[in-house]
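Have a look at the structure below, then the notes.
FYI, the numbering just counts along the sequence from 1.
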Amino acid sequence: MGTTSMASRVFLLLLIFLSSTNLSLSLYEDQVGLMDWHQQYIGKVKGAVFHTQKSGRRRVVVSTEENVIASLDLRHGEIFWRHVLGSNDVIDGIDIALGKYVITLSSGGGILRAWNLPDGQMVWESFLEGSGASKSLLTVPTNLKVDKDNLILVFGKGSLHAISSIDGEVLWKKEIAQESVEVQQIIQPLGSDIIYVLGFFGSSQFDAYKINARNGELLKHNSATFSGGFSGEALVVSSEILVTLDFTRSKLVIISFQDGEIHYQQTHISDIFGDSFGTPVLLPSKLPGVFSVKIDGAVVFIRVTGEGKLEVLDKINNVAAISDAISLSEGQQAFALIQHGDGKIHLTVKPSHDLSGDLLKESIDMDNQRGTVHKIFINNYIRTDRSHGFRALIVMEDHSLLLLQQGAIVWSREDGLASIVDVVTSELPVEKEGVSVAKVEQNLFEWLKGHILKLKGTLMLASAEDVAAIQEMRLKSFEKSKMTRDHNGFRKLLIVLTRAGKLFALHTGYGQVVWSLLLPTLRRSETCEYPTGLNIYQWQVPHHHALDENPSVLVVGRCGKSSDAPGVLSIVDAYTGKEINSMAAIHSIAQVIPLPFTDSTEQRLHLLIDVNQHGHLYPRTSEAIDIFQRELTNIYWYSVEADNGIIKGHVLKSNCIQEVIDNYCFESKDIWSIVFPSDSERIIATVTRKLSEVVHTQAKAIADEDVMFKYISKNLLFVATVAPKGSGPIGTATPEESWLTVYLIDTVTGRILHRMTHHGSQGPVHAVFSENWVVYHYFNLRAHRYEMSVIEIYDQSRADNKDVWKLVLGKHNLTSPISSYSRPEVVTKSQSYFFTYSVKALAVTLTAKGITSKQVLIGTIGDQVLALDKRFLDPRRSVNPTTAEKEEGIIPLTDSLPIIPQSYVTHALKVEGLRGIMTVPAKLESTTLAFAYGVDLFFTQLAPSRTYDSLTDDFSYALLLITIVALIAAIFVTWILSEKKELREKWR
């Protein structure tokens with residue numbers, strides 16, 4: 001039998017090896033992108049500079065509203081390099097100097113940087129100081145020769161600075177703000193050593209400063225008053241002429257400042273345009289000797305003659321955007337304009353000296369879901385026939401970026417996804433028998449080839465080409481990209497709302513856009529001047545008995561910047577992206593409460609609260625009002641007035657008393673309020689549990705066979721307050737002046753269940769609430785370190801349910817109803833730990849049944865997502881845990897939370913500008929889906945307790961089959977050998 005036992009041991013070791021490969025926590029390079037995807041964006045472009053010299057790659061350098069500087073390939077639109085400066089470092093200007101440096105001005109004119117054009121490395125950085133806030137202006141001379149040192153002029157923080165373009169040294173500085181002049185323009189005539197600084201003092205005086213460019217010496221300062229006053233903006237027409245509007249916007253004012261002497265010439269708008277009914281607006285286009293005025297929906301181009309007289313050159317209707325002028329040859333310039341019509345955009349390039357002629361006229365078909373053109377930047381090139389060709393970079397209403405050339409769209413980028421406001425998920429449709437939306441056929445050869453490659457990879461016989469083919473095959477997996485739901489619940493739609501008012505449906509497989517919709521209710525119009533998208537909610541989620549209905553989402557917005565602006569609602573089909581219904585200019589929307597009730601069509605009831613605390617019921621149907629009336633007495637909500645330090649609880653009272661009877665409007669009354677003293681506390685953070693969170697069990701087994709019962713309530717609110725002096729940035733208060741106080745409040749009764757103070761601490765506070773615990777992050781001023789604290793709350797009223805006999809005899813109180821009005825017997829446990837990083841966002845993993853262990857997802861200051869096991873944030877951790885506590889899984893206490901490199905769910909990637917993390921459960925209990933968004937997007941699948949209920953996607957079925965065959969063969973061989981050995985022993 002020795003041969004049999006040896007063979008068994010060999011194959012047992014083989015099985016152990018095979019199983020260990022699937023249980024490993026390591027992530028190989030070729031596995032990146034299988035369970036996750038990462039997309040890079042830049043945001044809405046606000047400035048662009050082309051670099052198309054013969055040597056080097058052709059590129060365009062852009063700055064965006066997300067404070068991103070990026071270099072894009074002109075051929076494909078891909079990112080060569082980019083830098084995200086952060087929310088507090090707003091980009092004011094961008095240009096190219098010396099043909100090799102990208103110059104950026106940011107932070108209100110406070111920081112000037114030079115970046116190496118080919119690779120984006122920072123060459124130098126200058127911090128510019130001044131006496132106060134002001135308009136920021138950047139002027140880079142256009143006649144710079146490569147490697148020739150020359151001045152870069154910057155006006156910011158009330159001062160004019162001259163900076164060396166080679167090393168960023170500030171050569172001289174001139175204070176302007178001390179004289180309270182609002183600077184509008186800086187002009188340096190070509191080849192001149194004179195700089196003109198021009199601006200307004202008050203609303204009726206124009207000032208001109210003549211400054212020596214070599215040393216910053218003030219040569220002359222002239223000022224002149226204008227009785228009609230100025231409207232505020234001024235445009236440069238030439239090196240000696242500005243144009244502006246008077247205070248009433250009824251006159252055009254030409255300001256001449258030749259040699260510092262100021263002269264005014266004014267012309268009535270009616271003398272130029274006749275009887276017009278619109279308000280004239282000066283368009284900020286830089287055209288030599290010409291300026292443009294928009295009035296009555298048309299753009300009028302006007303030339304200023306040498307005598308200061310105005311000459312109308314052309315009037316063009318339906319102009320969406322005008323570019324700045326670019327140089328074509330010596331003394332010849334051109335500019336472009338965009339018009340809309342017949343579902344197309346019409347691009348026209350005109351010479352600046354003769355607007356009657358066209359250098360280029362093209363029409364391009366455009367997707368109407370992109371909206372109108374907001375900006376245009378043009379660049380010229382020389383064709384093979386030596387004529388001028390043009391390419392146009394256009395920024396659309398939905399923040400997308402497109403390059404147009406030769407009457408076609410060369411490439412496009414969906415950069416609106418860099419400004420996501422809110423996210424919800426939707427299930428994909430069920431695959432019907434015999435029908436598949438995304439059907440892909442694979443022949444037998446491809447199937448065999450794929451399994452052979454997998455086998456070679458498992459046996460480590462694959463070449464580099466084979467590894468690449470395996471990864472490509474995995475990324476193009478049919479199952480992952482199907483447009484139907486899977487039995488594990490991995491395939492879903494991420495429906496995101498962007499700042500541009502556009503909805504995108506992203507497939508969780510690879511992040512591809514399934515559909516997009518530019519919401520009509522969130523587009524700028526005469527009735528909605530400042531549309532703002534607020535949130536998305538689940539509106540209709542059909543279950544299996546109503547699968548003929550598509551799910552839909554509710555998009556909530558408002559037409560204005562203030563909270564009392566009228567609201568807008570849109571209901572959108574989650575499968576097709578079609579708008580089902582919309583309501584505009586309704587009551588104000590201060591709060592949206594999704595109610596736990598649905599009607600017969602699975603539409604969820606929503607209560608919208610306006611600024612007057614009136615409740616409005618949606619959908620506005622008779623069935624919905626009947627359901628709502630039955631549950632009226634059980635509806636409670638709260639409101640937080642952070643500025644006033646007040647939290648109030650509300651209930652509905654009766655129908656609103658209005659001139660027009662509205663059966664769907666209800667008045668409310670306050671039932672409790674908590675007022676925090678303004679001299680000692682300010683509210684800085686509030687957080688509640690997710691309504692969709694599933695809790696598996698209320699009981700928690702602890703050491704020594706004891707049981708604790710979690711206090712589970714969806715009515716709990718976590719509130720964090722700080723001392724007034726500690727409400728500013730870190731370092732603005734001493735430890736004695738600042739303290740952080742946290743509360744757990746029942747929002748039905750207003751009862752404070754727990755209160756704790758962290759002395760010598762301050763915000764910002766980020767928190768996440770799950771089950772019966774809350775984790776929050778803040779800064780400890782005494783220790784000069786960040787901290788994370790945890791609070792767990794337990795229900796003592798059920799403590800006597802530990803007796804098994806009471807459970808058997810039915811004398812327990814587990815089935816007794818729970819009411820917020822009964823005074824709860826609660827006990828809390830808390831603990832604090834040092835944490836290395838500042839935090840941008842916190843989230844917690846969610847699973848279908850709530851059985852799997854929890855992980856806290858931490859969005860770090862480095863724009864990565866770290867998964868921290870909740871066991872590290874257990875308040876019961878001790879320095880020397882007992883044997884029973886070790887068996888329970890209690891980790892020995894340390895003063896700091898560990899940062900394990902393998903715990904970064906984003907791997908080595910960054911989610912630049914990280915703003916939020918959303919988690920949603922899959923149908924598979926072990927797995928949760930996580931989506932992190934900012935300027936970039938990142939999606940992944942997480943298994944906090946490993947995939948204990950499924951095989952991994954890279955499990956080799958072929959190798960398993962070979963192993964089974966080998967085992968059967970081994971058993972058969974060893975059986976024969978055993979029989980022969982036994983026969984030989986009998987013959988002895």
Side-chain angles (χ1 to χ4, degrees), residues 44 65 231 249 276-283 293-299 317-321 338-343 345 366-375 395-400 416 419 421-422 497-503 516-537 539 552-573 577-592 606 608-612 614-620 656 658-662 664-665:
K44 184 181 181 181
E65 292 183 356
S231 62
R249 292 184 175 267
S276 59
F277 300 98
T279 302
V281 178
L282 293 178
L283 299 180
V293 181
K294 188 171 185 178
I295 187 168
D296 289 340
V299 173
N317 293 317
N318 302 321
V319 174
I338 291 282
Q339 295 170 281
H340 287 275
D342 302 327
I345 60 171
M366 185 61 60
D367 181 5
N368 58 6
Q369 294 302 328
R370 296 193 182 277
T372 58
V373 177
H374 276 196
K375 290 191 181 224
V395 183
M396 304 299 293
E397 183 181 351
D398 67 342
H399 298 184
S400 59
S419 58
V421 175
D422 197 14
L497 174 65
T498 67
R499 195 178 301 134
K502 189 172 185 178
L503 278 181
S516 62
L517 172 67
L518 187 62
L519 290 165
T521 53
L522 293 179
R523 297 186 68 179
R524 192 166 184 172
S525 63
E526 294 181 359
T527 58
C528 191
E529 187 69 19
Y530 298 102
T532 305
L534 299 177
N535 296 102
I536 321 176
Y537 301 91
W539 177 257
S552 55
V553 295
L554 171 68
V555 182
V556 179
R558 65 166 65 107
C559 285
K561 298 178 180 179
S562 61
S563 59
D564 59 351
V568 293
L569 304 176
S570 290
I571 300 170
V572 179
D573 190 308
K578 304 293 184 183
E579 188 176 49
I580 301 170
N581 193 11
S582 66
M583 287 160 276
I586 60 171
H587 51 80
S588 60
I589 300 174
Q591 196 173 351
V592 179
H606 288 73
L608 276 60
I609 311 299
D610 63 21
V611 292
N612 299 317
H614 290 166
H616 302 265
L617 177 65
Y618 291 89
R620 299 170 73 88
C656 299
Q658 298 175 336
E659 294 181 2
V660 180
I661 298 175
D662 187 355
Y664 302 95
C665 177

How close do [X] and [Y] get, counting heavy atoms only, and between which atoms?
| X | Y | result |
| --- | --- | --- |
| S588 | S563 | CB-O, 3.7 Å |
| L617 | R620 | O-CG, 3.4 Å |
| A321 | V373 | CB-CG1, 4.1 Å |

Donor-acceptor pair, side chain of [X] and main chain of [Y], under 3.5 angstrom:
| X | Y | result |
| --- | --- | --- |
| R524 | E529 | yes |
| K502 | H399 | no |
| N612 | H614 | no |
| H340 | G371 | no |
| E579 | L519 | no |

Output all residues satisfying side-chain hydrogen bond (donor to acceptor under 3.5 Å, both in side chains) with [X], sequence neighbours left out; order by chain, then residue number.
| X | value |
| --- | --- |
| S582 | none |
| S400 | R370, D398 |
| Y618 | H587 |
| T521 | S570 |

Exercise for the section: Measure the shortest side-chain to side-chain distance between P531 and V568 over non-hydrogen atoms and say whether it is less than 4.5 angstrom. Expected result: no

Practice task
Kindly indicate whether the side chain of L569, heavy atoms from C-beta on, has any atom under 4.5 Å from the side chain of L554.
Solution key: yes

From [X] [atom1] over to [Y] [atom2], what is the distance, rounded to the nearest 0.5 angstrom?
| X | Y | atom1 | atom2 | answer |
| --- | --- | --- | --- | --- |
| L518 | M396 | CG | CE | 9.5 Å |
| T498 | K44 | OG1 | NZ | 11.0 Å |
| L503 | D422 | CG | CG | 10.0 Å |
| I580 | I571 | CD1 | CD1 | 7.0 Å |
| L283 | I295 | CG | CD1 | 11.5 Å |
| L282 | R249 | CG | CZ | 7.0 Å |

Handout entry: Evaluation steps, side chain to side chain contact (heavy atoms under 4.5 Å, CB included), between V592 and L534
Key = CA-CA 10 Å; V592 179; L534 299 177; over 6 Å; no

Practice task
Quick one: list whatever passes salt bridge (Lys or Arg N to Asp or Glu O under 4.0 Å) with E397, sequence neighbours left out.
Solution key: R523

Practice task
Kindly write out the residues that satisfy salt bridge (Lys or Arg N to Asp or Glu O under 4.0 Å) with D564, not counting sequence neighbours, or none if the list is empty.
Solution key: none

Problem - D662/C656 under side chain to side chain contact (heavy atoms under 4.5 Å, CB included): CA gap, chis, key distance, verdict - result: CA-CA 7 Å; D662 187 355; C656 299; 5.8 Å; no

Practice task
Begin with the C-alpha distance, continue with both residues' side-chain angles, and end with the deciding distance and a verdict on side chain to side chain contact (heavy atoms under 4.5 Å, CB included) for I338 and V319.
Solution key: CA-CA 6 Å; I338 291 282; V319 174; over 6 Å; no

Handout entry: side chain to side chain contact (heavy atoms under 4.5 Å, CB included) assessment of N368 paired with M366
Key = CA-CA 6 Å; N368 58 6; M366 185 61 60; over 6 Å; no

Fill in the blank from the handout: side chain to side chain contact (heavy atoms under 4.5 Å, CB included) with I589: of N535, I609, V556, D610, only one passes, and it is V556

Practice task
Check whether more than 12 heavy atoms from other residues, nucleotides or ligands sit under 6.0 Å from atom CG of D342, and answer yes or no.
Solution key: no

